[in-house]
Visitor: 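Below are the structure tokens for one structure; questions will follow.
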Amino acid sequence: MGLKIKFIWLAAVLIGSTLTVSMRAQDKSLTLHDVIPGGKSQSRFVPRDLRQLQWNGDEFIYIKGDSMYAGIPGEKAVVAFTRKQLNEALEAAGLKTTGSMPAFSVPFKDRTVLAFQVKKHRLLYDWKAGKIVAVYALQDDWKNFDFCTANQDLAFTEGNNVFILSPEGKLTQVTHETASDVVCGQAVHQFEFGIHKGLFWSPSGHALAFYRMDESMVTDYPFVDASARIATAKPHKYPMAGMKSHQVTVGIYYPESGKTVWLKTGLPKEKYLTNIAWSPDGKQLYIAELNRDQNEMNLVSYSAATGERNAVLFTETNERYVEPQNPPLFIPGNPDQFIWQSQRDGFNHLYLYNAKGELIRQLTAGEWLVLNTTGFDESGDNLYFSATKPLDEHPVQTGSALNIRTWKLSLKDGTLTPMNREPGMQGVHQAQLSASGNYLTDKYQAPDVAREITIIDTRNGETINTLLSAANPYKGYALPDIETGTLKAADGVTDLNYRLVKPLNMKAGEKYPVVVYVYGGPHAQLVTGGWMNGVPGWDLYMAQKGYAVFTVDSRGSANRGFDFESVIHRNLGVNEMADQVKGVEYLQSLPFIDADRIGVFGWSYGGFMSTNLMCSYPEI
């Protein structure tokens, strides 16, 4: 009952204590439809972007209105085709037309062909020839599609089984499972450890690897579907701590022979098979195998022909946990070397190995993180990646995560070259690499930059096109002041990034209620160096109603290094809560904050944090 009362009290603070604020006549107010995703007018308040911006070879393409534009770096984009022309191609192929431009992907590096789905068909469209070049008729219950560029076969799942559809329409069933608790071809292990799919074509298309998960030994957890007129129980397989977990194996199907080879992954059966990768020649399959305690990882190579274990290439251990997130990345033109990402030195970095599992050298190092790899140039001599590494002329802020740049790494001599050199310690870049590796599309945001999109020549780092400079979408609307800074964590040493959205039109001497918006868990960062420091529209709306909204990325959250994030290991709701309280103490020191009206709100891990804070710190 006490907890229920606290929830009601929180709702009263958020909803029932709205303050009236005076607005300047020339400034307009924001509505919930303006600021909440899904709102009728919310899209108007998102910084302008180029829809579906991507590379097709060394031409950049994007959607604007009912047209696709294409351009060569250094030149202005022109209309490549219109929806009318696409519909004419669909009609010529005997297919139904589309009422809007579909979502396209670029399956081939060296062909002007786009893939998309329309009216239960997956299609390949040659946009320069103006015709449909392949048609795959789909059914409603087909899911988890994985397209092979080498043979143009489409693998997918229907129910719990795997199938393959050829360009000619031939349908092949790969697995024949009948038990409801055996699943093939889907992501396994609760989507953890970088697992996003369950089908993996070999480079040449001669074989298809897939996951098989047996959950028959796992107890049912009684989920309740409360959306039904009468709530119904819908059990879900969930391995409670210390109880039986599911068992996963990996099969390799050979379309030519119709046979499947099963990898002999051995005992114990309750382990995680993660980050699957094929060797460039398709003769081996690599798996990062993690024990159930998650404190030991072995990178293992298997024979794709026999399923036999070839070798354990190397082992990583940590007293807290090992968390592989990326498969081996083989270097173009050098099939005997690959790059591995690891947090073994406390920050996620790149390591160069040979195919025997021998470490050649560590490629990156420092108190900053590699966030993701963007790709290689054609020669394989240079790798592009995004990271929190500061420029040499900037002071080192250990894993500050407020400035994300794209870097070029020379594999020959280890030289690191920044592709972005704008001043300041806050800003976020997102890059895509062209097929040759000579160009990047770069999307840039900063606290005062809504969005800028440019094309960069990777050979000299120069900007050769500006594709977009987005205006402030809130122009003409009353906006609050946003304060950012750092405060000390509960350990008295670690700096935490915080963000405070102040009430709109504050009056001297008045005190205002505050809502602490919290996440506080791994794999998430709320205070960013992007547009308005990542402030969501809900914060702006609350500030308009007279509330302050406060957010601090406590220890346990992402992009600050292993020690920072893993401090919550087997100790959930302790250190990260203590850090949130340090944030509240800062709020209480501010003359305009009403210390008797502090609410807390969060979602997912933030929901756990909200209830835990209310129970553990009721006096706050």
Side-chain angles (χ1 to χ4, degrees), residues 318-321 323 343 345-348 366-369 371 388-390 394-404 425-426 447 482-501 514-529 533-535 539 548-590 593 595 598-620:
N318 189 289
E319 61 181 8
R320 289 180 176 174
Y321 55 81
E323 192 179 19
Q343 299 186 86
D345 72 352
F347 295 87
N348 193 54
E367 294 184 339
W368 49 271
L369 293 85
L371 298 178
T388 61
K389 174 179 168 56
H394 287 166
V396 175
Q397 292 182 319
T398 303
S400 72
L402 296 183
N403 198 307
I404 299 172
M425 287 299 295
Q426 295 189 27
I482 301 169
E483 172 186 309
T484 60
T486 61
L487 53 87
K488 290 298 180 185
D491 64 2
V493 177
T494 307
D495 285 334
L496 305 176
N497 295 319
Y498 77 83
R499 179 183 68 215
L500 175 60
V501 182
V514 60
V515 178
V516 177
Y517 181 73
V518 60
Y519 183 81
H523 290 219
Q525 175 189 351
L526 298 184
V527 183
T528 74
N533 290 105
V535 170
D539 292 28
V549 183
F550 180 78
T551 295
V552 58
D553 281 330
S554 52
R555 288 173 297 162
S557 55
N559 298 333
R560 295 288 303 277
F562 182 78
D563 287 344
F564 186 95
E565 190 166 3
S566 67
V567 71
I568 65 175
H569 177 248
R570 295 190 176 179
N571 205 23
L572 301 181
V574 178
N575 293 309
E576 69 273 43
M577 279 210 306
D579 288 352
Q580 294 294 326
V581 171
K582 284 296 179 183
V584 171
E585 290 175 358
Y586 168 70
L587 289 173
Q588 292 171 328
S589 72
L590 301 176
I593 293 298
I598 298 177
V600 61
F601 171 63
W603 181 262
S604 190
Y605 197 93
F608 157 72
M609 289 288 287
S610 296
T611 55
N612 216 352
L613 283 163
M614 288 192 291
C615 291
S616 301
Y617 299 93
E619 72 280 3
I620 298 178

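Bear in mind that the values here come from a model prediction, so they are computed numbers and not experimental data.
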Visitor: Kindly determine whether M577 and M609 satisfy side-chain contact (heavy atoms from CB on, under 4.5 Å), including the steps that lead there.
Guide: CA-CA 7 Å; M577 279 210 306; M609 289 288 287; 3.9 Å; yes

Visitor: Can any side-chain N or O of T388 pair as donor or acceptor with the backbone N or O of W368 at less than 3.5 Å?
Guide: no

Visitor: May I ask you to test the V584-V516 pair for a side-chain heavy-atom distance under 4.5 Å?
Guide: yes

Visitor: Here's a test for you: under side chain to side chain contact (heavy atoms under 4.5 Å, CB included), which of V535, N497, N533 qualifies with T484?
Guide: N533

Visitor: Just to verify, what does S566 make a side chain to side chain contact (heavy atoms under 4.5 Å, CB included) with, not counting sequence neighbours?
Guide: R320, Y321, F562

Visitor: Looking at residues at least two apart in the chain, or sitting in another chain, which of them share a side chain to side chain contact (heavy atoms under 4.5 Å, CB included) with E483?
Guide: Y498, L500, K502, Y586

Visitor: Of the non-hydrogen atoms in E576 and N571, which two are nearest, and what is the gap between them?
Guide: OE1-O, 4.1 Å

Visitor: Can you name the nearest heavy-atom pair linking L526 to D553, along with the distance?
Guide: N-OD1, 3.1 Å

Visitor: Using side-chain heavy atoms (C-beta onward) and a distance below 4.5 Å, is I593 in contact with F550?
Guide: no

Visitor: Under 3.5 Å, side chain of Q525 to main-chain N/O of N559, donor-acceptor pair present?
Guide: no

Visitor: Using every non-hydrogen atom in the two residues, find where S616 and P618 come nearest and quote the distance to one decimal.
Guide: C-CD, 3.3 Å

Visitor: Tell me every residue that passes side chain to side chain contact (heavy atoms under 4.5 Å, CB included) with D491, counting only those two or more places apart in sequence or in another chain.
Guide: A489, V493, T494, R555

Visitor: Please evaluate residues I598 and Q588 with respect to the criterion side-chain contact (heavy atoms from CB on, under 4.5 Å), reporting the C-alpha separation (whole Å), side-chain torsions for both, the decisive distance (0.1 Å), and the verdict.
Guide: CA-CA 9 Å; I598 298 177; Q588 292 171 328; 4.3 Å; yes

Visitor: How long is the gap from CG on N612 to CG on L572, to the nearest 0.5 Å?
Guide: 9.0 Å

Visitor: To the closest 0.5 Å, what do you measure between OH (Y519) and OG (S554)?
Guide: 11.0 Å

Visitor: Looking only at heavy atoms, what is the nearest atom pair of E565 and H523, with distance?
Guide: OE2-N, 2.9 Å

Visitor: Kindly indicate, with the supporting measurements, whether the criterion side-chain contact (heavy atoms from CB on, under 4.5 Å) is fulfilled by D539 and R499.
Guide: CA-CA 11 Å; D539 292 28; R499 179 183 68 215; 3.9 Å; yes

Visitor: Is it true that the side chains of Q580 and Y617 contain a donor and an acceptor less than 3.5 Å apart?
Guide: no

Visitor: What are the two closest heavy atoms between T551 and V527, and how far apart are they?
Guide: O-CG2, 3.8 Å

Visitor: Could you pull out the closest heavy-atom pair between S557 and A524, with the gap in Å?
Guide: CB-O, 3.3 Å

Visitor: Any side-chain heavy-atom pair from P522 and I568 closer than 4.5 angstrom?
Guide: yes

Visitor: Are K488 and L496 close enough, and set up right, to give a side-chain contact (heavy atoms from CB on, under 4.5 Å), and what steps lead you there?
Guide: CA-CA 6 Å; K488 290 298 180 185; L496 305 176; over 6 Å; no

